[in-house]
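Only one structure is covered here, and it is reproduced in the block below.
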Protein chains: 2
Amino acid sequence: MDDGKVFKALADSSRRSLLDRLCDENGQTLGQLCEAMDMTRQSVTQHLALLEGANLISTTRRGREKLHFINPVPLHDVYERWIRKFETARLSLLHDLKEQLERKDE
Amino acid sequence: MDDGKVFKALADSSRRSLLDRLCDENGQTLGQLCEAMDMTRQSVTQHLALLEGANLISTTRRGREKLHFINPVPLHDVYERWIRKFETARLSLLHDLKEQLERKDE
DNA sequence: AAGATATGCAGGTATTTTACTGCATATCTT
DNA sequence: AAGATATGCAGTAAAATACCTGCATATCTT
């Protein structure tokens, strides 16, 4: 839904790193994710909360542990709404540049 | 090159709005872009500088005016490196969930 | 050349973000 | 039940961000 949340979530390298690790192995616990992150568990938790807020991951509890799963849907949505739009812009770039050059001659 | 810059640039709604307007009409001047933005020219300039830093727009001067053009390439690159990765994750989601359920039974 | 127009640049401030420490709670193991 | 393990929550300090105001410079018009 909210493109801003998705882009904001992806704007941080720590969070992209977390997604990377979940790509490698989905369903990891908080502890597992912390091991690879070189920051406090609490900080990792905050990052994960942001990713969850953007709906990029979903979580579930298994006993005392929390498992984290990637959700690719919002990223795909963002692709539909933004990247494709730019692709069409790409197609019309030559036209725009031509128009621009013509203006220069005025 | 730098995914972070691209995502950071897209993380702000004002900047996304600027890209939107350039999608509608490429090659607009700073003044034109400011008219639609409900903030000071200086702020718009900063946002545009960030977009340019992410290589999402390129600029050229025409006399005293500065023209702004969309550059779709970095967005496409980000798509290749990130969105597609998640698409493959999507495909393996069922497998991961199955594995997860099996762990529950242990 | 003088005034108008378009943009550049240098701070300054309030908000947001990131990362931390410290303590609390819940679950597992023995 | 007691200790170990996994996570939750609150408050804080430092850094980054997003606005702003004020002034400078460059270009066009007449």
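Letters A, B, ... mirror the listed sequences (proteins, then strands); counts begin at 1. Below, all heavy atoms of this structure are taken into account, side chains as well, without hydrogens, waters or symmetry copies.
- Nucleotide dA26(D) holds its C1' atom 16 Å from the CZ atom of Arg62(B), rounded to whole Å.
- The 12-atom threshold is exceeded at CG of Asp24(A), counting heavy atoms of other residues, nucleotides or ligands nearer than 6.0 Å.
- Map Gly63(B) and Met39(B) each onto its nearest nucleotide of DNA chain D; the residue landing nearer the 5' end is Met39(B).
- In this structure, Gln46(A) places its CD atom 12 Å from C1' of dT21(C), rounding to the nearest Å.
- Distance check: Arg41(A) CZ to Cys34(A) SG gives 7.0 Å after rounding to the nearest 0.5 Å.
- A residue-by-residue look at Asp12(A) and Leu30(B) shows that Leu30(B) has its nearest nucleotide of DNA chain C further toward the 5' end.
- When all heavy atoms of Phe7(B) and Val78(B) are compared, the pair lying nearest together is CZ-CG1, 3.3 Å.
- Arg41(B) places its CZ atom 11 Å from the C1' atom of dT5(C), with the value rounded to the nearest Å.
- In this structure dA10(D) sits in a base pair with dT21(C), meeting the Watson-Crick or G-U test at under 3.5 Å.
- Whole-Å rounding puts the Glu35(A) CD to dT5(D) P distance at 13 Å.
- Among the protein residues, Leu48(A) comes within range of no part of the nucleic acid, since none of its heavy atoms lies under 4.0 Å from any strand.
- Within 3.5 Å, no donor on the side chain of Arg64(A) pairs with an acceptor on the base of dT7(D), nor the reverse.
- Whole-Å rounding puts the Glu65(A) CD to dG8(D) C1' distance at 15 Å.
- Across every strand in view, dT27(C) sits in a pair with dA4(D) that passes the Watson-Crick or G-U test at under 3.5 angstrom.
- The two residues Ile70(A) and Leu19(A) have their closest heavy-atom pair at CD1-O, 3.6 Å.
- Of the side-chain N and O atoms in Lys8(B), one or more sit less than 4.0 angstrom from OP1 or OP2 of dT17(D).
- A straight line from CZ of Arg61(B) to P of dT27(D) spans 7 Å, rounded to a whole angstrom.
- Proximity of a side-chain donor or acceptor of Arg15(A) to a complementary backbone N or O of Ala9(A) within less than 3.5 Å is detected.
- For His47(B), no side-chain nitrogen or oxygen approaches OP1 or OP2 of dT17(D) to under 4.0 Å.
- Regarding contacts with the backbone of dG8(C), a side-chain N or O of Lys66(B) is found under 4.0 angstrom from either OP1 or OP2.
- Here dG8(D) presents its P atom at 7 Å from NE2 of His68(A), a figure rounded to the nearest Å.
- Rounded to whole Å, atom P of dT5(D) lies 16 Å from atom CD of Gln32(A).
- Regarding contacts with the backbone of dC19(D), every side-chain N or O of Thr40(B) stays at 4.0 angstrom or more from both OP1 and OP2.
- Side-chain to base pairing of Gln42(B) with dG22(D): one donor and one acceptor N or O lie within less than 3.5 Å of each other.
- OP1 or OP2 of dA18(D) has at least one side-chain nitrogen or oxygen of Arg15(B) nearer than 4.0 Å.
- Taking 4.0 angstrom as the limit, Ser43(B) places a side-chain polar atom (N or O) nearer than this to OP1 or OP2 of dC20(D).
- Across every non-hydrogen atom of Thr29(B) and His68(B), the tightest pair is C-ND1, 3.9 Å.
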